[in-house]
Amino acid sequence: MGKVTGFKEFERKDESYTAVEERVGHYKEFTVPLSEAEITTQGSRCMDCGIPFCHSGCPLGNLIPDFNHMVHQGEWQKASWILHSTNNFPEFTGRLCPAPCEKACVLGIINDPISIENIEKNIVERAFQEGWIKPQPPKNRTGKTIAVVGSGPAGLAAAQQLNRAGHTVTVFERDNAIGGLLRYGIPNFKLEKEIIDRRIAILEAEGITFKVNTNVGVNYSIEDLKVFDAIVLCGGATERRGLPTPGADADGVVQAMDFLTQQTKVVWGEKIENQVLATGKDVIVIGGGDTGSDCVGTSNRHGAKSVTNFEIMPKPPVGRSESTPWPFWPLQLKTSSSHKEGCERNWLINTKEFIKDANGKLTALKTVNVEWKMVPGQRPELIEIEGSEKIWPCDLALLALGFTGPEKNLAEQLGLETDFRSNYKANNYQTNVPNIFTAGDMRRGQSLIVWAISEGREAAREVDLFLMGTTNLPTKEGGDLPPL
Ligand SMILES: Cc1cc2nc3c(=O)[nH]c(=O)nc-3n(C[C@H](O)[C@H](O)[C@H](O)COP(=O)(O)OP(=O)(O)OC[C@H]3O[C@@H](n4cnc5c(N)ncnc54)[C@H](O)[C@@H]3O)c2cc1C
Ligand code: SF4
């Protein structure tokens, strides 16, 4: 374990952020790392619990007490080896995961939990710095070919696992760069894109082929896809939810993903004709989740006149609600670094109309306050509060309402079953067509990076088993650690 009395002696310490005025002037990451000594101390707080609930909180089954212990001992290379044995890409989860492991940490019952996510980030960054993360091409090739459709975290994890098992893997991506939502959803100030490229270089050196600008079923035929011995569909859940409200066609009502993607491309050096800019505008972001928060951060970097956020649900409690006690994922108010950069947040509010001028330009939003009527056994009912209508001046309304599910195109062309949410149906990641598998948001609906990596790994194991009749790829329930 860390240090026997570490959890009593030391308080939790987190990374800090650079000042708001400084960071809204650029699109780079803005965390201020802890020193090596501080991180080692954080590792020493871990109690090496007899039943480490952190494990069960983590969808990857990360071996958390083990790497905490190694960090405490200053054994960074061993820590990296343990971390990579369950997680292909800790540099993504170490930056972006909401850390369900920390919410399940036993120390969290009486004190601040172990800073697991930050320890993870420090391990992987140290490993890259020291050159410990090297390509691990397979010793032998099986002669089997695999197509992975979609290069988000699910596709990348599946590809790396299958390549390591000796199969010849090609990843198809319709965008002009690899990474899925890591590339064109999540803004640079949360994940600089060089971090993705650094990992892709390793994957390429291991022997994986990447084909960008290749939209399977559109400019790459299904017939060509069927030539592969197995196919893993990791196309995400990219069907955006709209807001069917009068005036929604106004010039100035924009989907969040268009807004975010354009800015990421501009940071990357692309020229975007008529980029949607928040500069000098009254911006209203509709939707209070991660995507909404990313729009708030981007709008402030553009130099918006004002940024307001609407959420139709009630404001969650600041601490854990009684309905979600430890070790459950807490229903709790989340205030992101973007919210802290300047934003007025409003809950229990519904948009009734987008008001536009004679030229069709958005000028204001009409809203009404709402409440939710909860009757046990019935669906919650939305009730509008009479007389609460309000007009909000607005030049740019960003729709950050999530995604309704995966696109149907591939399912239709490949004859695959989907469920009532249009998620691709699978049994152990295998669809109704035996050599076609699916993982990540495409299978489970809109979710998290950590789940996408976990599903990619698990699906890879099923594919290997299907092709070879046996597999050495690990599951999150356990398996041999790869060689150090
Ligand atoms: C704005 C935003 C912020 C987020 N922030 C966080 C966060 O902070 N933390 C977190 O854990 N999660 C976050 N998420 C969720 C997370 O990004 C997703 O859950 C995760 O990326 C899903 O991974 P995936 O591999 O299943 O799919 P995706 O990342 O969606 O990748 C799917 C890829 O498949 C490609 N594709 C689809 N169809 C085809 C085809 N026919 N041919 C070729 N390519 C195809 C798509 O272009 C896409 O690149 C965020 C999501 C958004 C939108
Ligand atoms: S639950 Fe918390 S204290 Fe216990 S082993 Fe896991 S990280 Fe360490």
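All figures in this text were calculated on a predicted structure; none of them were measured in a lab. Position 1 is the first residue of the sequence; numbering continues from there. Every number for a ligand or one of its atoms is a count from 1 in the order of the listing. Values below: all heavy atoms of this structure, side chains included; hydrogens, waters and symmetry mates excluded.
With a 4.0 Å cut-off on non-hydrogen atoms, L410 touches ligand 1 through its side chain and not its backbone. Residue-level proximity to ligand 1 for W451 is absent, since no heavy atom of it falls below 4.0 angstrom. Looking at E455 against ligand 1, nothing comes within 4.0 Å, counting heavy atoms. Only the side chain of M257 comes within 4.0 Å of ligand 1, counting heavy atoms alone; its backbone N, CA, C and O stay farther away.
Heavy-atom proximity to atom 10 (C) of ligand 1, evaluated over N409, L225, I449, is greatest for I449. The heavy atom nearest to atom 3 (C) of ligand 1, out of those in D294, N215, I453, is found in D294. Between the choices L181, V171, T214, I178, the shortest heavy-atom distance to atom 17 (O) of ligand 1 belongs to L181. Considering only non-hydrogen atoms, atom 20 (C) of ligand 1 lies nearest to P153 out of P153, A400, P406. Ranked by closest heavy atom to atom 32 (C) of ligand 1, the top entry among C234, G445, S336, G402 is C234. Of the candidates A158, S151, G456, S447, it is S447 that places a heavy atom closest to atom 19 (O) of ligand 1. Taking only non-hydrogen atoms, the option from G179, A154, G180, G440 nearest to atom 25 (O) of ligand 1 is A154.
Ring centroid separation for the pair F30 and Y17 comes in under the 6.0 Å cut-off.
Ranking protein heavy atoms by distance to atom 4 (C) of ligand 1, first place goes to I186 CG1, 3.5 Å. Counting protein heavy atoms only, atom 41 (N) of ligand 1 is closest to V216 O, 3.1 Å. For atom 26 (O) of ligand 1, the nearest non-hydrogen atom of the protein is D441 N, 2.8 Å. Protein heavy atom at the shortest distance from atom 9 (N) of ligand 1 is L96 O, 2.8 Å. Of the protein's non-hydrogen atoms, the one nearest atom 38 (N) of ligand 1 is R174 NH1, 3.5 Å. Nearest protein heavy-atom neighbour of atom 34 (O) of ligand 1: G150 CA, 3.2 Å. Among all protein heavy atoms, the one lying closest to atom 37 (C) of ligand 1 is G235 O, 3.3 Å. The protein heavy-atom contact nearest to atom 6 (C) of ligand 1 is D290 OD2, 3.6 Å.
Excluding waters, the count of protein N/O/S atoms less than 2.8 Å from atom 6 (Fe) of ligand 2 comes to 1.
Interatomic distance, L473 CG to E458 CD, rounded to the nearest 0.5 Å: 10.0 Å. We find the CG-CG distance between L182 and L156 to be 7.5 Å, quoted to the nearest 0.5 Å. Taking CD of E344 as the reference point, atom OG1 of T308 lies at 5.0 Å (rounded to 0.5 Å). Between atom CG of residue L191 and atom CD1 of residue I196 there is a gap of 5.0 Å, rounded to the nearest 0.5 Å. To the nearest 0.5 Å, the span separating CZ on R95 from NZ on K190 amounts to 12.5 Å.
By the 6.0 Å contact criterion, CD on E11 is open, its count of non-hydrogen atoms from other residues, nucleotides or ligands being 12 or less.
The two residues V218 and N409 come nearest to each other via the heavy atoms CG2-ND2, 3.8 Å.
For the side-chain contact (heavy atoms from CB on, under 4.5 Å) test with I449, the passing option among L181, I186, D441 is I186; the others fail. Put simply, the residue from V463, D464, D229 that forms a side-chain contact (heavy atoms from CB on, under 4.5 Å) with H167 is D464. A side-chain contact (heavy atoms from CB on, under 4.5 Å) with F259 holds for exactly one of V285, T291, L398; it is L398.
Interface atoms of ligand 1 facing L260, defined by a heavy-atom separation under 4.0 Å, are 1 (C). The distance from ligand 1 to the heavy atoms of F172 drops below 4.0 Å at these ligand atoms: 43 (C), 44 (N). Of all atoms in ligand 1, numbered sequentially from 1 with element shown, those under 4.0 Å from a heavy atom of G185 are 1 (C). Ligand-side atoms of ligand 1 in range of K190: 5 (N), 8 (O), range being under 4.0 angstrom from any heavy atom. Near T291, the atoms of ligand 1 lying under 4.0 angstrom from a non-hydrogen atom of the residue are 1 (C), 2 (C), 52 (C), 53 (C). Close approach of ligand 1 to G236 (heavy-atom distance below 4.0 Å) involves ligand atoms 27 (O), 30 (O), 32 (C). Annotation for ligand 1: atoms under 4.0 Å from non-hydrogen atoms of E173 are 33 (C), 34 (O), 35 (C), 43 (C), 44 (N), 46 (C), 47 (O), 48 (C), 49 (O). Counting the atoms of ligand 1 from 1 in the order shown, those under 4.0 Å from a heavy atom of L448 are 10 (C), 11 (O), 12 (N), 19 (O).
The pair E125-R198 meets the salt-bridge criterion, with a side-chain N (NZ, NE, NH1 or NH2) lying under 4.0 Å from an Asp/Glu carboxylate O. Salt bridge R12/E102: present, at least one basic N to carboxylate O contact under 4.0 Å.
For the pair R183 and W268, the cation-pi criterion (under 6.0 Å, within 45° of the ring axis) is fulfilled.
Side-chain contact between T170 and T145 is absent, with no heavy-atom pair separated by less than 4.5 Å. Side-chain contact between K265 and Q275 is absent, with no heavy-atom pair separated by less than 4.5 Å. Side-chain contact between S115 and K13: absent, with no pair of heavy atoms (C-beta onward) separated by less than 4.5 Å.
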From CA spacing to verdict: salt bridge (Lys or Arg N to Asp or Glu O under 4.0 Å), R45, D112:
CA-CA 10 Å; R45 293 181 73 230; D112 290 330; 5.7 Å; no

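Under the 30°/60° scheme for interplanar angles, the aromatic rings of W326 and F53 are found to be tilted.
Within the 4.0 Å heavy-atom cutoff, F403 counts among the residues contacting ligand 1. The closest approach between any non-hydrogen atom of L182 and ligand 1 is not below 4.0 Å.
With sequence neighbours excluded, the residues that form a salt bridge (charged side-chain N to carboxylate O under 4.0 Å, His left out) with E341 are R23, R301.
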